[in-house]
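Can you read through this structure? Questions will come right after.
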Amino acid sequence: MAALQTQGGPRNLVQALGLATVTLFLCGNCPFVHCEMSELKNVSSSHKSRLPSVCPAEFQGKCHCGEVPYGPQGKLTYVTNCTNTNFTDAVMLKELPLETEVLIFTGNHIPDLPFNVFGTAAFYSRLHIIDMSNNHIQSIKGKTFHHVKFVKKLVLNDNDLYIVSKDEHPRMFKNFYNLEELHLKNAFTEKVSNYLYNLEVAFQDSQLDNLRVLNLEQNEFSSILNENFFCSMPSLTEIHVGGNRMKDFRLNSTCLPRLNLVDLSNNNIQGLKNSTMHLLDAVPGLEVNLTGNPFECDCHLVDMYRWLATTKTRVTGKERFQCVTGFPPKNVRKLISHVPLYDLECPLKRTDFHGHLSASYGVMVLIIVICVVMVSLLVYRHRWAIYEFARSWSQPIRNKMKYSSLDKREEAEMEV
């Protein structure tokens, strides 16, 4: 007690005792007291933040509610923090304190978010960040979020969202009128691969006109076939699609006048197509992140090799791009910048070899056929001359054979 008086004075002592009393009242039947001695010891007249207040009883003593330093600048912010609380429903969020500016509700198991998750009566004018990551969420209904008009950042990372068939709710983000950041990193179930069309519809129907940052990292998709996929979000400045399995990237840059960053890191890009490079060059001041891709350093990389040397697009870490495969084999594991242009060669594939061999056989057969035809024509044209020549050449042989036969016959008659 004396220590508390020395450090913070009587006023802070009263505040600390009041907090402990209220906490004990709410958690009388709990096996623990939701008040740490470290919090009491840190009470001082010079401390600029308020003591953490007690969350409503519906939060079961598992969460922390109150003003704490938050963000890179440590600004005092009213945070309701339910991290790794293992809730199986979200009913307590209907009693979310009205002062809440940041809601952190993570590490739970809530497959289906209910309608009106924050209730229908309260109006959260101060709430500007919602983090509902890692909750095993599979379904977000069109009427799940209400009174979230002022929310600027929504984080739904590491969930299992289904957005196909009966689980498709195209208006799931509809009420986030002022949303500026949407984080969907590893947010979709791995059991369904073809969900990008439905996701595009969800973006279109939600009217995310103010969205600046879209994070779709680590979602296992192999391509974005529709180049207009992002056009329903005209204010986008950053697109993060790293950690997927894309081999190329399609983008209509004309509908994104404010775009300044495209993150394509850690995909399966072996080299950019000419059409993609032209699209990227069409955006003034654009930064592109291609780090961590398995570049193939052979003749197919020539155009990109030249593009890296001449483009005005800011390519992050291009001096560290490495050849994962290539031809000749000496290119492998070299930095692209250390491979001379003349060393980007095309290997002769086995199919090409068989193709060349087949072509050679074909040419040889054709030549033989032509020769046979030509010889046949010559023989036919000079057939009488050839006949006379053959006859004159064979006449002495026939005469000799005739004389030999006569001699043998005479000898036979004399013996008789």
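The shown structure was predicted, so the numbers you read here are calculated from the model rather than taken from an experiment. For the numbers below, each heavy atom of this structure counts, side chains included, while hydrogens, waters and symmetry mates do not.
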With side chain to side chain contact (heavy atoms under 4.5 Å, CB included) as the test, would you mind laying out the steps for T100 and F118 before giving the verdict? CA-CA 12 Å; T100 302; F118 297 130; over 6 Å; no

Side chain to side chain contact (heavy atoms under 4.5 Å, CB included) assessment of C346 paired with H300: CA-CA 8 Å; C346 270; H300 299 103; 4.1 Å; yes

Least distance between heavy atoms, E95 atom then P56 atom: O-CG, 3.3 Å

So does S265 get a backbone contact from the side chain of N267, meaning a donor-acceptor N/O pair under 3.5 Å? yes

Under a 4.5 Å cut-off applied to non-hydrogen side-chain atoms, are L199 and F188 in contact? yes

Using modelled atom types and a 3.5 Å cut-off, is there a donor and acceptor pairing between side-chain atoms of Q138 and backbone atoms of Y162? no

Using modelled atom types only, decide if a donor and an acceptor are shared between the side chain of N198 and the backbone of I163 within a distance under 3.5 Å. yes

List in chain and number order the residues that pass side-chain contact (heavy atoms from CB on, under 4.5 Å) with K153, two or more places apart in sequence or in another chain; answer none if no residue qualifies. I129, V155, E181, H183

As an exercise, state the distance from OG of S235 to CG of L211, rounded to the nearest 0.5 Å. 8.0 Å

So, taking the atom named CG in L236 and the one named SG in C231, what distance separates them when rounded to the nearest 0.5 Å? 9.5 Å

Any side-chain to backbone donor/acceptor pair from S206 onto A202? Under 3.5 Å, distance only. yes

Measure the spacing between CG of L98 and NE2 of H147 and express it to the nearest 0.5 Å. 11.0 Å

Contact summary for V283 and S253, nearest pair of heavy atoms: CG2-CB, 3.2 Å

With a 4.5 Å heavy-atom cut-off, do F203 and F173 have their side chains touching? yes

Under the side chain to side chain donor-acceptor pair (under 3.5 Å) test, which residues partner E217, sequence neighbours left out? none

Taking A309's backbone N and O only, do any of them form a donor-acceptor pair with K318's side chain (distance below 3.5 Å, no angle check)? no

Shortest non-hydrogen separation from G271 to F295 and the atoms involved: N-CD2, 4.4 Å

Which atom pair, heavy atoms only, marks the closest approach of N293 to N268? OD1-N, 3.6 Å

The single option from L280, L279, V288 passing side chain to side chain contact (heavy atoms under 4.5 Å, CB included) against L272: L280

May I have all residue pairs that pass salt bridge (Lys or Arg N to Asp or Glu O under 4.0 Å) and include part of residues 321-347, sequence neighbours excluded? K330-D343

With L261, which residues qualify under side-chain contact (heavy atoms from CB on, under 4.5 Å), at least two apart? E238, H240, E287

Check whether T77 reaches the backbone of K75 with its side chain - one donor and one acceptor, N or O, closer than 3.5 Å. yes

Measure across M132 and I137 and return the closest heavy-atom pair with its distance rounded to 0.1 Å. O-CD1, 3.9 Å

Mind checking whether T311 and M277 have side chains closer than 4.5 Å, heavy atoms only? no

Any side-chain heavy-atom pair of Q270 and K247 under 4.5 Å: no

Heavy-atom check, side chain of T80 versus side chain of P97, under 4.5 Å: yes

Side chain to side chain donor-acceptor pair (under 3.5 Å) assessment of N219 paired with N244: CA-CA 6 Å; N219 281 302; N244 288 291; 5.0 Å; no

Are the side chain of N159 and the backbone N or O of N135 linked by a donor-acceptor pair below 3.5 Å? yes

Could you state the interatomic distance from CG (N215) to CG (L154), rounded to the nearest 0.5 Å? 12.0 Å

Could you tell me whether the side chain of N178 reaches within less than 4.5 Å of the side chain of H128, counting heavy atoms only? no

Separation of F150 CZ from F123 CZ (nearest 0.5 Å): 4.5 Å

Flag the pair L103 / Y124 as yes when at least one side-chain heavy-atom distance between them is below 4.5 Å, and no otherwise. no

Decide yes or no for I336 and C297: does some side-chain heavy atom of the first lie under 4.5 Å from some side-chain heavy atom of the second? yes

Using the test side chain to side chain donor-acceptor pair (under 3.5 Å), find all partners of K174 that sit at least two apart in sequence or belong to another chain. Q207

Step by step, work out the side chain to side chain donor-acceptor pair (under 3.5 Å) result for D158 and N186. CA-CA 5 Å; D158 301 311; N186 190 32; 3.1 Å; yes

Apply side chain to side chain donor-acceptor pair (under 3.5 Å) to D248 and S223, showing your working. CA-CA 7 Å; D248 197 51; S223 64; over 6 Å; no

For V369, give me all partners under side-chain contact (heavy atoms from CB on, under 4.5 Å), at least two apart in sequence or on another chain. V365, V373

For L225, is there any backbone N or O sitting under 3.5 Å from a side-chain donor or acceptor partner on R250? yes

Verify side chain to side chain contact (heavy atoms under 4.5 Å, CB included) between N210 and L179, making sure each step is shown before the conclusion. CA-CA 6 Å; N210 296 309; L179 194 64; over 6 Å; no

Using only atom types and a distance under 3.5 Å, with no angle test, would you say the side chain of N108 pairs donor to acceptor with the backbone of I110? no

For the side chain to side chain contact (heavy atoms under 4.5 Å, CB included) test, which of D89, L93, T88 pairs with V91? D89

Side chain to side chain contact (heavy atoms under 4.5 Å, CB included) assessment of F321 paired with T291: CA-CA 7 Å; F321 290 174; T291 57; 4.0 Å; yes

Can you name the nearest heavy-atom pair linking H64 to C55, along with the distance? C-SG, 3.5 Å

Interatomic distance, L344 atom CG to E296 atom CD [nearest 0.5 angstrom]: 10.5 Å

Donor-acceptor pair, distance only, cut-off 3.5 Å: does the side chain of T313 make one with the backbone of L286? no

